[in-house]
> 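Before we start, here is the structure in question, set down as structure tokens.
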2 protein chains.
Amino acid sequence: MREHASDVMQDYLKNIYLINRENEGQVSTSDLAMKMGVSAPTVTSMLVKLGDKGFITYEKYKGAKLNTEGEAIALEILRHHRLIERYLVEFLGYDWSEVHEEADVLEHHISEELERRIANALGNPKYGLYGAPIPSEDLTSIAKDETTKLGEHSAGEIVVIERVKENYIGSENAPRTRDSEELQYLAEIGIIPGKQVKIESVAPFGMIKVSNEKGEHSLPKEVSMSIHVREI
Amino acid sequence: MREHASDVMQDYLKNIYLINRENEGQVSTSDLAMKMGVSAPTVTSMLVKLGDKGFITYEKYKGAKLNTEGEAIALEILRHHRLIERYLVEFLGYDWSEVHEEADVLEHHISEELERRIANALGNPKYGLYGAPIPSEDLTSIAKDETTKLGEHSAGEIVVIERVKENYIGSENAPRTRDSEELQYLAEIGIIPGKQVKIESVAPFGMIKVSNEKGEHSLPKEVSMSIHVREI
DNA sequence: GATCTTATTTAGACCTATCTAAACATATAT
DNA sequence: ATATATGTTTAGATAGGTCTAAATAAGATC
Ligand SMILES: [Mn+2]
Ligand SMILES: [Mn+2]
Ligand SMILES: [Mn+2]
Ligand SMILES: [Mn+2]
């Protein structure tokens with residue numbers, strides 16, 4: 001029936017999907033290499049394989065784009081990831097800053113049965129931590145993200161944090177995965193889903209200054225663009 | 001520090017440990033091949049690698065024996081396995097016949113942190129499903145198995161089922177892993193931890209006939225030797 | 001103890017995922 | 001339009017885990 005995708009391939013497909021969310025069009029070799037933490041030639045050879053298996057359409061020097069099958073796999077893994085994260089927080093007392101790496105491994109190794117049971121225990125949620133939408137069980141739909149980015153707001157506005165992204169575009173325009181320490185720091189200064197912040201000013205270089213009950217905090221552009229909020 | 005053991009190596013070490021429990025002395029290439037579901041040459045080459053890494057002592061044509069390091073890894077994986085099985089049953093409503101395969105995969109992929117949280121949720125138990133002893137967190141001790149084997153009892157005795165082994169020595173003297181259907185069948189005829197059976201007779205070839213509220217059931221030697229009980 | 005049988009190892013191959021160094025293509029700047 | 005810089009692919013190598021076919025060692029039988 002469906003071609004088999006190894007764990008590693010699943011990660012490539014998931015990351016192609018995630019990069020593509022940020023960055024419409026084809027996904028480049030170097031963006032993927034950065035995200036996957038491997039060399040560019042490694043990516044090239046993998047893209048060829050993924051293309052042969054029909055998961056993606058790959059054009060030399062142009063980049064990769066998911067096909068229907070590849071997207072289904074990406075959504076499947078993303079669903080696992082977000083369900084696992086939420087489960088670990090709600091049922092095993094993890095802090096939201098600690099679950100990402102655990103989920104990044106387990107996402108490839110839970111059975112469909114365990115996925116169902118975890119989803120069920122959580123009440124079959126449509127959103128995971130920080131409002132990240134969870135693909136539906138049949139992998140046909142994924143809730144739309146209704147939020148805006150903190151970095152797009154202007155001085156004086158008050159917003160509610162909805163979501164702190166795990167993956168974002170870093171300072172050199174390279175995608176990266178935020179690590180626990182970074183998430184922890186943001187938590188410490190009160191950048192936590194559900195909490196409010198006021199935009200104090202937007203300084204040069206897109207630096208943004210926000211305030212909350214923990215005081216005033218300056219965030220660089222890349223960071224403020226990775227925090228999703230809702231205006232009130 | 002410690003040499004790295006891949007997932008596959010972890011399974012070899014775990015299975016060397018388990019075979020050795022049944023069968024004192026060195027573990028043979030063919031027993032391991034059977035248990036792992038791979039060819040004999042594959043095992044030979046893996047035993048050489050495990051020897052080079054210091055996990056086992058391997059002598060050509062004589063078989064393998066775990067070293068301290070290899071045993072620690074085996075116990076670690078076994079601990080994960082048994083904690084996961086019990087967690088799935090107690091917290092996610094799995095039936096005890098369904099969890100083995102799930103645990104066989106997940107045992108390699110949970111972090112030490114998740115292991116601790118799972119153990120904690122279960123009250124840091126010393127025994128898993130069917131009374132299978134769980135190695136301690138520091139991997140130095142494992143509770144002793146106080147049970148006897150159903151197949152060692154005589155007609156007239158009444159025993160309580162303590163444990164239905166997942167791994168046992170099959171009819172051709174080859175170790176095998178019991179599958180869900182088999183566990184399910186045993187469950188259906190009332191061979192379930194905690195339940196009593198009376199030994200009705202011991203027939204030729206070690207065939208044993210037992211009775212309980214579900215009626216009379218005949219079990220072949222290999223099966224009766226894989227069911228641990230306590231006399232009352 | 002010579003012979004037959006069975007267990008084990010050796011040899012040689014393949015597939016996956018990765019790397020570095022070198023070649024080449026595309027995009028940018030002068 | 002040419003030169004330069006950057007991004008991408010090709011080439012060739014390595015390591016892990018597996019296989020089948022063939023050689024060889026150990027164990028069992030007579
Ligand atoms: Mn992953
Ligand atoms: Mn799934
Ligand atoms: Mn396993
Ligand atoms: Mn552990």
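Order of the sequence lines sets the chain letters (A, B, ...), proteins ahead of strands, with each chain counted from 1.
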> Would you tell me if any nitrogen or oxygen in the side chain of Tyr12(B) comes within less than 4.0 Å of OP1 or OP2 on dT18(D)?
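True: Tyr12(B) side-chain N/O within range (under 4.0 Å) of dT18(D) OP1/OP2.
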
> Can you tell whether the side chains of Asp104(B) and Lys14(B) come within less than 4.0 Å, N to carboxylate O?
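Between Lys14(B) and Asp104(B) there is a salt bridge, with a charged N closer than 4.0 Å to a carboxylate O.
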
> For the pair made of CG in Asp11(B) and C1' in dG16(D), what is the distance, rounded to whole Å?
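These atoms are roughly 15 Å apart.
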
> With distance as the sole test, does Thr147(B) use its side chain to make a donor-acceptor pair with the main-chain N or O of Glu162(B) at under 3.5 Å?
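Checked: no pair found.
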
> Hey, does the side chain of Ser39(B) come within less than 4.0 Å of dT18(D)'s phosphate (OP1/OP2), counting only N and O?
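The answer is no; no side-chain N or O of Ser39(B) sits under 4.0 Å from OP1 or OP2.
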
> Given dG7(D), dT9(C), dT18(C), identify the nucleotide with an atom nearest to the side chain of Met46(A).
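Out of dG7(D), dT9(C), dT18(C), the nucleotide with an atom closest to Met46(A)'s side chain is dT18(C).
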
> Could you tell me how the ring of His109(A) sits relative to the ring of His109(B): parallel (under 30°), tilted (30 to 60°) or perpendicular (over 60°)?
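Correct class here is parallel.
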
> By nearest atom, which of the nucleotides dA21(D), dT18(C), dT8(D) is closest to the Pro41(B) side chain?
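Ranking dA21(D), dT18(C), dT8(D) by closest atom to the Pro41(B) side chain puts dA21(D) first.
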
> Please determine if a side-chain N or O atom of Thr29(B) lies less than 4.0 Å away from the OP1 or OP2 oxygen of dT9(C).
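Answer yes for this pair, as a side-chain N or O of Thr29(B) is under 4.0 Å from OP1 or OP2.
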
> So, the side chain of Arg117(B) versus the backbone of Phe91(A): is there a donor-acceptor pair under 3.5 Å, distance only?
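Not a single qualifying donor-acceptor pair exists.
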
> Should stems be defined as at least three consecutive Watson-Crick or G-U pairs with both distances under 3.5 angstrom, which of them involve DNA chain D?
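C:1-30 with D:1-30 - these are the stems of 3 or more pairs that involve DNA chain D.
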
> Phosphate oxygens OP1/OP2 of dT10(D): is one of them under 4.0 Å from a side-chain N or O of Thr44(A)?
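Thr44(A) to dT10(D) OP1/OP2: no side-chain N or O under 4.0 Å.
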
> What's the closest nucleotide to the side chain of Lys49(A) if the choices are dG16(D), dC19(C), dT16(C)?
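Of all the options, the side chain of Lys49(A) is nearest to dT16(C).
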
> Separation of Met9(B) atom CE from dT18(D) atom P, in whole Å?
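Going from Met9(B) (CE) to dT18(D) (P), I get 10 Å.
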
> May I have the distance from Leu47(B) (atom CG) to dT10(C) (atom P), rounded to whole angstrom?
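Whole-Å distance recorded here is 11 Å.
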
> Ser6(B) side chain: which of dG16(D), dT9(C), dA7(C) is closest?
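Closest nucleotide among those given: dG16(D).
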
> Using modelled atom types and a 3.5 Å cut-off, is there a donor and acceptor pairing between side-chain atoms of Gln10(B) and backbone atoms of Ala74(B)?
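Looks like no, no N/O pair under 3.5 Å.
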
> Can you tell me how far apart CG (Leu47(B)) and CD (Glu59(B)) are? Round to the nearest 0.5 Å.
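Leu47(B) atom CG to Glu59(B) atom CD measures 12.0 Å (nearest 0.5 Å).
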
> Closest nucleotide of DNA chain C for Lys60(A) versus for Met36(A): which of these residues is on the 5' side?
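Going by which nucleotide is closer to the 5' end, it is Met36(A).
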
> Let me know the distance between NZ of Lys62(A) and P of dC24(C), rounded to the nearest Å.
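The distance from NZ of Lys62(A) to P of dC24(C) comes to 21 Å, rounded to the nearest Å.
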
> Whole Å only: how far is the CG atom of Leu32(B) from the P atom of dA7(C)?
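Rounded to the whole Å, the gap is 15 Å.
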
> Rounded to the nearest Å, what distance is computed from the CG atom of residue Leu50(B) to the P atom of nucleotide dT9(C)?
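Going from Leu50(B) (CG) to dT9(C) (P), I get 13 Å.
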
> Rounded to the nearest Å, what distance is computed from the CD atom of residue Gln26(A) to the C1' atom of nucleotide dT8(D)?
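From Gln26(A) CD to dT8(D) C1': 14 Å.
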
> Rounded to whole Å, please give me the gap between NE2 in His4(B) and P in dT18(C).
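Answer to the nearest Å: 14 Å.
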
> Regarding Ser45(B), tell me which of base, sugar-phosphate or nothing describes its non-hydrogen contacts under 4.0 Å with the strands shown.
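Base, at least one base atom sits under 4.0 Å.
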
> If I compare all heavy atoms of Pro135(B) with all of Pro133(B), which pair ends up nearest, and what's the gap?
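That would be CD-O, 3.7 Å.
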
> Looking only at side-chain N and O atoms, does Thr42(A) come under 4.0 Å of OP1 or OP2 in dC19(C)?
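True: Thr42(A) side-chain N/O within range (under 4.0 Å) of dC19(C) OP1/OP2.
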
> Any side-chain heavy-atom pair from Ser226(B) and Leu150(B) closer than 4.5 angstrom?
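With C-beta onward as the side chain, the pair stays apart.
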
